[in-house]
Structures are given as C-alpha cells and as structure tokens.
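So the structure is just underneath, and the comments pick up after that.
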Amino acid sequence: MRWSRYYLYTTREVPNDAEVISHQLMVRAGLIKKVAAGIYTYLPFGWRSLAKLMAIVRRELDAISAAELTMPAIQPAELWQESGRWQRYGKELLRIKDRHERDFVFGPTHEEVITDIVRRDVKSYRQLPISLYQIQTKFRDEIRPRFGLMRGREFIMKDAYSFHASPESLDVTYDDMRRAYCKIFEACQLDYTVVEADTGSIGGSASHEFMVVAETGESAVVRCPKCGYAANVEKAQMRKLDAEAAIPKSTERKKVPTPGKSSVEDVAAFLRVAPRQVVKTLIYDTEKGLVAVVVRGDREINEVKLLNHLDVEHLALASEEKVREATGAAVGFAGPVGLSAGVRLIGDETVRGLADFVVGANEGDAHYTGVNWGTDVDLTEWADLLLVSGGDPCPRCDGTLEIFRGIEVGHIFKLGTKYSKAMACNYTDESGGDHPMIMGCYGLGIGRTVAAAIEQNHDKDGIIWPRPLAPFEVLLAGLNPDDPEVSRVTEELYAELRGQGVEVLYDDRDERPGVKFKDADLIGIPVRLVIGAKSLKDGKVEVSLRRDREKLLVPPGDAVGRVLELLAKA
RNA sequence: CGGGACGUGGCGCAGUCUGGUAGCGUACCUGAAUGGGGUUCAGGGGGUCCCGGGUUCAAAUCCCGGCGUCCCGACCA
C-alpha cells in the first residue's frame with residue numbers, strides 16, 4: 001500500500017478527551033475516530049489490526065469445531081421477556097421500537113437468540129454437543145464509557161455458545177475454549193493471566209476471566225506466585241488464619257463516649273486499640289430490605305460476595321436517613337448490639353474469632369468496648385464477605401497473594417440450564433425423556449484486546465505492534481524522493497516485498513525525513529526499511545525493528561532477506 | 001444516577017473575571033528554498049464562539065434553560 005493513496009492521517013497533538021495511552025495512540029496513529037461517547041469508527045489502519053485478531057480467533061475456534069454464524073444485532077423483545085431479562089437487565093439494554101411500536105433491543109449479548117435457534121433445530125442428544133460463535137457489534141448503554149475502545153458502548157465481541165447433554169460434556173468444551181483462548185492471547189503475544197471470576201448477572205456455575213496485565217486495567221486481580229491461584233478480587237478468597245480464633249473473653253461490655261469519632265481510624269486511635277480490634281458495621285439497602293454487615297475494622301466488604309450471598313439484584317450503602325432508621329444514630333456509630341429488629345445481621349468470617357472488640361453503640365458519639373459474640377450479640381449468619389487484597393494468605397497454599405490490575409479481554413462461563421430452562425430449549429435422551437440443554441458461553445472483546453495490546457506495547461514515541469496484530473508488517477520509506485537512485489531502489493524493493501507476500505506500507509509521501517521517522521515511530525509497524533541518499537551512496541539501505549530501532553546496514557540486494565529474518569523475530 | 005470540569009476555524013488552546021475589531025500554535029492551499037528525526041521564509045483560505053431565550057446601544061464574555069463531552073464513584077467483553 002502506498003501511503004500517499006492510503007487513508008492514514010496522524011496527529012501530533014494528544015486529543016483532549018483521551019486519558020489512557022492506548023486511547024491516545026489509537027487516535028493519534030489514525031486507528032479510530034470518535035463519533036459519540038463510547039462509539040467509534042474503525043479507520044482503515046485500525047480495522048486491519050482488528051481483522052488480524054478476528055482471523056486468529058476464527059482459526060483457533062474452528063480448530064475446536066466451533067461453527068461461525070451471524071445473528072441479528074436487533075432482537076425482538078419477546079425473546080428477552082421469555083428469558084426474564086427484559087425486566088432484569090437494566091438501562092444498559094438499549095430498547096428500541098419499530099414503526100409499528102413493537103419493542104426490540106439492540107443486542108448486548110445473544111443468549112436468547114442462540115437458544116431460540118438451537119431449540120428449534122436440535123431435538124436429540126445425538127446432535128449434541130454443539131458450539132457456535134459469531135463476531136459482531138454489540139451495544140451496551142454503559143453509564144460511563146471511557147478509555148476509547150477499552151470500554152465503549154458499541155463494541156465488537158466474539159461470542160460463543162455451547163450446548164450439551166451432560167455436565168461432563170460441558171466441562172470438555174469449556175476446557176477446549178479455555179485452551180483456545182490461551183492460544184489466541186499467546187498468538188497476540190500478550191502478557192495475560194487466567195483468573196477465577198464471579199459469574200455476575202449472566203449467572204452460572206463456573207467462570208474464568210482472561211486478564212491482560214496493565215496499570216490502566218479496570219479490574220483488580222490477585223495471584224499467588226507460589227501455587228498459581230489467581231482470581232478477580234470480586235471472587236477471591238483468602239486462607240483463614242487459626243491464630244485469629246479463640247481469644248478468650250476477658251472483659252465486660254462497657255459504653256464509652258467517642259465524641260465526633262466516626263471512622264474506624266479515629267475510634268481506634270481515640271480508644272488506643274488496633275483498628276482490627278474494632279468491628280465496623282455497614283448498613284446496606286437492598287430490595288429485600290436493610291442489611292447490616294459486620295467486618296473487621298481494617299478490612300473492606302466485597303460487595304459482589306454480599307450480593308451473591310443475599311441473592312439480590314441491587315445493593316448499595318444505605319442513605320443517612322435509612323441508617324438512622326436502622327440504628328437510631330448518625331452514620332459512623334452503627335453496631336450489632338441493639339440494632340433495629342427488622343435489620344438482617346450478617347457477620348464476615350474475619351470477625352468470628354474476635355473477642356473483646358469495639359463496636360458502634362447505635363447512638364451518637366458512643367461506642368461499646370469489650371464486646372463478645374454470644375454474651376453481647378447473638379449472631380448466627382456468617383459468610384465470607386471479605387475483599388481480599390495484596391499480602392493476604394493464599395487460600396490454596398501457604399503462599400502470599402499479590403495484587404495487580406488487569407484488562408478483562410475474555411470471559412468464559414458455565415451457564416448451566418438458566419436459559420435453556422427459561423426458554424424450553426430441550427433435548428430428548430436415550431430413554432426418550434426431555435431435559436433442558438446444559439449451556440456454556442464464551443466472550444472475547446476484539447477492540448478491547450487490540451487496545452490492551454497497545455497498552456502493553458508502546459514507548460514514548462508510539463505504538464510497538466506485536467507482529468500478529470500489526471496492520472502492516474513492514475514500513476518502507478524513501479527519504480529523498482527527488483533523488484532518482486533513491487526512488488528507483490525504493491520502488492524495486494516495494495515490488496520485491498510485495499512479490500514475497502509481505503504486507504508493506506510504503507511511505508511515498510512528499511514529506512521531510514523527520515516527519516517520516518516520527519510517523520513511523522507513532523504507527524509502530526514492526527520492521528522498517530529505510531532508503532536514503534547518504535547510505536545508498538555507500539551501497540547500503542537500513543533495516544531495523546521498531547522495538548529497539550537498531551539499524552542494520554545492508555546492500556539493497558540483501559534487504560528483503562534481512563527484512564524476512566527480522567519479521568520472524570518481531 | 002451522584003460529585004467535578006469543559007464546550008471558541010480540522011486538532012490543541014488563549015480571550016470570559018472587568019461586555020466594545022475573534023486571536024495564537026498546528027494542520028490546510030500557493031510559491032520559493034531545503035531534504036537523515038515534526039525545516040524555513042513569503043502569501044492565502046477557513047468561525048452559527050455548543051443550542052435556545054433574556055439583559056444591554058453593544059454579548060464568546062453577564063443571567064436563565066437545555067444539549068454535548070471528559071474525569072472521579074456503582075456495571076461488564
């Protein structure tokens with residue numbers, strides 16, 4: 001491709017609405033252009049990279065006998081009413097009406113449509129298992145789109161669905177998918193981790209996320225370097241410490257004034273105890289009423305665990321008024337002793353072994369000291385509600401968990417029969433009985449993966465494409481277009497590279513060398529071949545890798561061979 | 001949805017407080033020189049100052065209402 005005829009325009013300025021580096025570089029290097037918040041055009045240069053990733057995805061999914069199809073983006077509301085998600089799915093679901101005022105949605109995901117298709121075609125256990133996938137534009141009306149393609153409202157996703165007659169069959173496909181995902185992300189040369197994940201609103205029994213390690217990632221993940229345990233913090237557990245248990249009761253409960261001390265730190269400092277001796281009580285508002293959760297003062301509640309434990313749809317810290325209603329005191333003085341009767345009380349496992357601790361007194365400016373389970377509070381509901389953090393003990397071995405941030409580029413679920421039951425997607429078994437099919441679903445963010453690759457592969461001057469995702473493999477630049485010898489050699493090399501099947505972008509623009517070098521660094525094509533009058537006088541052209549920019553001077557006749565060698569290394 | 005900020009040639013910004021000729025950089029067009037890290041000089045085109053209403057002799061600037069965008073918290077590929 002000759003750059004002079006190509007649609008690729010770079011900018012020197014950083015766009016004022018781009019915060020993270022991958023977003024800035026994708027705009028500056030002419031990959032994407034914003035149309036509205038969270039909605040982007042994929043420009044030709046960016047689309048080439050997405051297309052490469054999609055080809056890798058297709059290759060690996062076809063290899064595990066998944067069949068590609070394409071479902072409609074616009075889906076009738078009836079299917080969503082049938083699955084129950086018309087009511088449950090929140091405002092992220094874009095609902096639209098046609099000219100007859102009939103309800104439709106722009107699909108944020110396709111469980112309903114795929115289940116509807118399969119239930120009509122597949123009747124027998126002999127037809128199972130089945131795996132289907134598509135690569136398609138989705139729309140989720142996110143409250144806050146951000147970071148360019150990392151969290152768009154409209155985005156391209158690969159979504160796959162599998163159908164089975166037994167849990168064992170699902171296990172096999174799930175493992176196939178997991179391995180295929182690993183191959184895909186390895187093919188993209190990404191530094192990623194597979195982590196255990198919460199199943200969230202999609203539901204199901206098991207789930208793993210594929211996290212690309214990056215500072216700007218929106219998810220927090222813990223990993224044990226010793227045994228390899230890795231989990232999203234939403235899901236992560238820690239080992240219970242025996243030492244925390246069975247501290248004997250030694251004091252009587254006593255109410256003490258704590259004027260103006262509402263935070264754990266303040267109360268602990270004021271009473272001269274460690275924050276971990278303070279038990280904090282958080283009042284949550286849910287559709288099932290108010291819930292009080294007690295947790296060790298130095299720790300945080302994992303709201304996802306709480307949501308799952310309570311089996312509720314909505315969960316939020318209660319308002320000032322609701323807290324008053326439940327405790328009779330201002331926020332900061334709630335405690336489990338003498339809580340309003342209608343409030344459900346749940347204890348996190350971490351406070352179970354505590355004795356002689358401090359709690360809020362449910363009245364302004366006062367706390368209790370010397371509080372103990374049993375004698376002072378009758379608490380019967382215990383659960384693991386802890387938000388795990390770095391430094392906590394691994395739940396699987398005696399190692400210590402590390403915490404890092406990641407970009408969720410893929411997510412696989414064992415769905416079970418949630419959708420097949422709701423939508424009567426059944427098969428007939430050997431003995432003629434009907435059963436709902438067991439399902440799995442598997443998502444992979446196409447644009448997000450490319451953004452993550454840039455997030456992980458760049459320097460101060462621009463993108464450094466991993467070769468498998470690079471829009472072009474080689475950048476060819478002639479520096480002195482007026483020099484007939486330069487242009488002759490450059491044209492010859494261009495023809496030769498193309499003859500070898502190399503994807504080459506030929507910078508034939510009438511620009512000064514400085515501009516060409518700066519643009520080359522910015523757009524980050526892995527291998528660079530430069531022809532300039534100076535080195536050509538010595539019978540040499542330059543070959544270099546974008547990553548280290550180490551120049552190799554070779555005769556023009558050897559150039560293509562050296563380019564191919566470097567490509568193999570890129 | 002709560003909290004904060006912003007909206008001025010394509011892009012990045014100044015001007016708004018204190019109302020009075022719409023400006024700078026860059027990009028673009030023409031010409032010349034230059035030709036190994038965003039070169040230089042000369043000339044030129046391009047604006048509903050987000051939208052609507054109000055105050056005023058006069059509004060980018062003040063007032064009211066809307067819209068859009070970005071950032072920080074609850075969702076997800």
Protein N or O to nucleotides 47-50 of chain B N or O, pairs below 3.5 Å:
none

Discussion item. Given 3.5 Å as the limit, does a donor-acceptor pair link the side chain of A/K288 with the main chain of A/D311, or not?
Written reply: yes

Response to the item:
One should read off an interatomic distance between A/Y442 OH and A/L415 CG, to the nearest 0.5 angstrom, of 8.0 Å

Discussion item. So A/G152, base contact, sugar-phosphate only, or nothing? Heavy-atom distance under 4.0 Å.
Written reply: base

Collect all protein-nucleotide pairs involving nucleotides 26-36 of chain B in which both atoms are nitrogen or oxygen and the distance is under 3.5 Å.
unit_1 : atom_1 : unit_2 : atom_2 : d
B/A27  : OP1    : A/R12  : NH2    : 3.4
B/U34  : O2     : A/R512 : NH1    : 2.4
B/G35  : O2'    : A/N480 : ND2    : 2.5
B/G35  : O6     : A/D482 : OD2    : 2.9
B/G35  : N2     : A/D510 : OD1    : 3.3
B/G35  : N2     : A/E511 : O      : 3.4
B/G36  : O6     : A/G532 : N      : 3.3
B/G36  : O6     : A/S535 : OG     : 2.8
B/G36  : N1     : A/E542 : OE2    : 2.5
B/G36  : N2     : A/E542 : OE1    : 2.7
B/G36  : N2     : A/E542 : OE2    : 2.7
B/G36  : N2     : A/K551 : NZ     : 3.3

Discussion item. So A/V515, base contact, sugar-phosphate only, or nothing? Heavy-atom distance under 4.0 Å.
Written reply: base

Can you give me every donor-acceptor pair (side chain of residues 530-543 of chain A, partner residue at least two apart or in another chain, under 3.5 Å) with its distance?
none

Worksheet item: How long is the line joining CZ of A/R88 and P of B/C75, in whole Å?
Response: 16 Å

Item to complete: Using whole Å, report how far CD1 of A/I143 lies from C1' of B/U69.
Response: 17 Å

Worksheet item: Is the backbone N or O of A/A470 less than 3.5 Å from a side-chain atom of A/K52, with the two atoms forming a donor-acceptor pair by type?
Response: yes

Worksheet item: How long is the line joining CD of A/E111 and C1' of B/A77, in whole Å?
Response: 12 Å

Practice prompt. Using the C1' atom as the reference point in each nucleotide, state the distance between B/U18 and B/C70 in Å, no decimals.
Written response: 30 Å

Item to complete: Using heavy atoms to find the nearest nucleotide of RNA chain B for A/F147 and A/K518 separately, return the residue whose nucleotide is more 5′.
Response: A/K518

Practice prompt. Kindly confirm or rule out a cation-pi arrangement of A/R95 over A/W86, judged by NZ or CZ under 6.0 Å from the six-membered ring centre and within 45° of its axis?
Written response: yes

Discussion item. Whole angstroms only, please: what is the CZ-C1' distance between A/R153 and B/C70?
Written reply: 13 Å

Discussion item. Within the 4.0 Å heavy-atom criterion, would you say A/A37 contacts the bases, only the backbone, or no part of the nucleic acid?
Written reply: sugar-phosphate

Worksheet entry | A/R153/A/D141 ion pair, N-O < 4.0 Å | yes

Worksheet item: More 5' along RNA chain B: A/G38 or A/E92, using each one's nearest nucleotide?
Response: A/G38

Discussion item. Could you check, using the six-membered ring where one of them is a Trp, whether A/Y6 and A/F472 have ring centers closer than 6.0 angstrom?
Written reply: yes

Worksheet item: Base, sugar-phosphate, or nothing: which does A/D519 touch, judged by heavy atoms less than 4.0 Å apart?
Response: base

Worksheet item: Could you go step by step and tell me if A/E209 and A/V409 meet the side-chain contact (heavy atoms from CB on, under 4.5 Å) rule?
Response: CA-CA 8 Å; A/E209 288 169 333; A/V409 291; over 6 Å; no

Worksheet item: Expressed in angstrom and rounded to an integer, what is the separation of A/E218 atom CD from B/C76 atom C1'?
Response: 9 Å

Worksheet item: In whole Å, what is the span from the CD atom of A/E303 to the C1' atom of B/C76?
Response: 16 Å

Discussion item. Starting the side chain at C-beta, find the nucleotide from B/G38, B/A77, B/C71 nearest to A/E19.
Written reply: B/C71

Worksheet item: Are the ring centres of A/Y9 and A/Y7 closer than 6.0 Å?
Response: yes

Item to complete: For B/G15 versus B/G3, give the span between their P atoms, rounded off to a whole number of Å.
Response: 27 Å

Worksheet entry | For atom CD of A/Q24 and atom P of B/G12, their distance in whole Å | 12 Å

Worksheet entry | Inter-nucleotide C1' distance (B/G46, B/C24), Å rounded | 16 Å

Discussion item. I'd like the C1' distance from B/C49 over to B/C13, given in whole Å.
Written reply: 14 Å

Worksheet item: Using a cut-off of less than 4.0 Å, is there contact between a side-chain N or O of A/K34 and OP1 or OP2 of B/C70?
Response: yes

Discussion item. Using only modelled atom types and a 3.5 angstrom limit, is any donor from either the side chain of A/R448 or the base of B/C76 paired with an acceptor on the other?
Written reply: yes

Worksheet item: When the P atoms of B/G9 and B/C51 are considered, how many whole Å apart are they?
Response: 10 Å

Worksheet item: Under 3.5 Å, is there a donor-acceptor pair between the side chain of A/W3 and the main chain of A/L8?
Response: yes

Worksheet item: How is A/R28 classified with respect to the nucleic acid when contacts are heavy atoms under 4.0 Å: base, sugar-phosphate, or nothing?
Response: base

Worksheet item: Does the salt bridge (charged side-chain N to carboxylate O under 4.0 Å, His left out) test come out yes or no for A/R488 and A/E485, once each step is laid out?
Response: CA-CA 5 Å; A/R488 185 184 64 79; A/E485 190 59 11; 2.7 Å; yes

Worksheet, complete the sentence: Of the candidates B/C71, B/C13, B/G38, the side chain of A/N16 sits closest to B/C13

Discussion item. When the P atoms of B/C50 and B/C1 are compared, how many Å lie between them, rounded to an integer?
Written reply: 24 Å

Worksheet item: Taking the same atom, C1', in B/U26 and in B/C62, what whole-Å distance lies between them?
Response: 33 Å

Worksheet item: Mind checking whether A/H411 and A/F413 have ring centres under 6.0 Å apart?
Response: yes

Worksheet item: Across all strands, who's sitting opposite B/C1 as a Watson-Crick or G-U wobble pair, both distances under 3.5 Å?
Response: B/G73

Item to complete: Side chain of A/R144 only, please: which of B/G73, B/C1, B/A77 is the nearest?
Response: B/G73

Worksheet item: Using atom C1' of each nucleotide, how far apart are B/U21 and B/U55 to the nearest Å?
Response: 23 Å

Practice prompt. Quickly work out the A/D521 CG to B/G38 P distance and round it to whole Å.
Written response: 12 Å

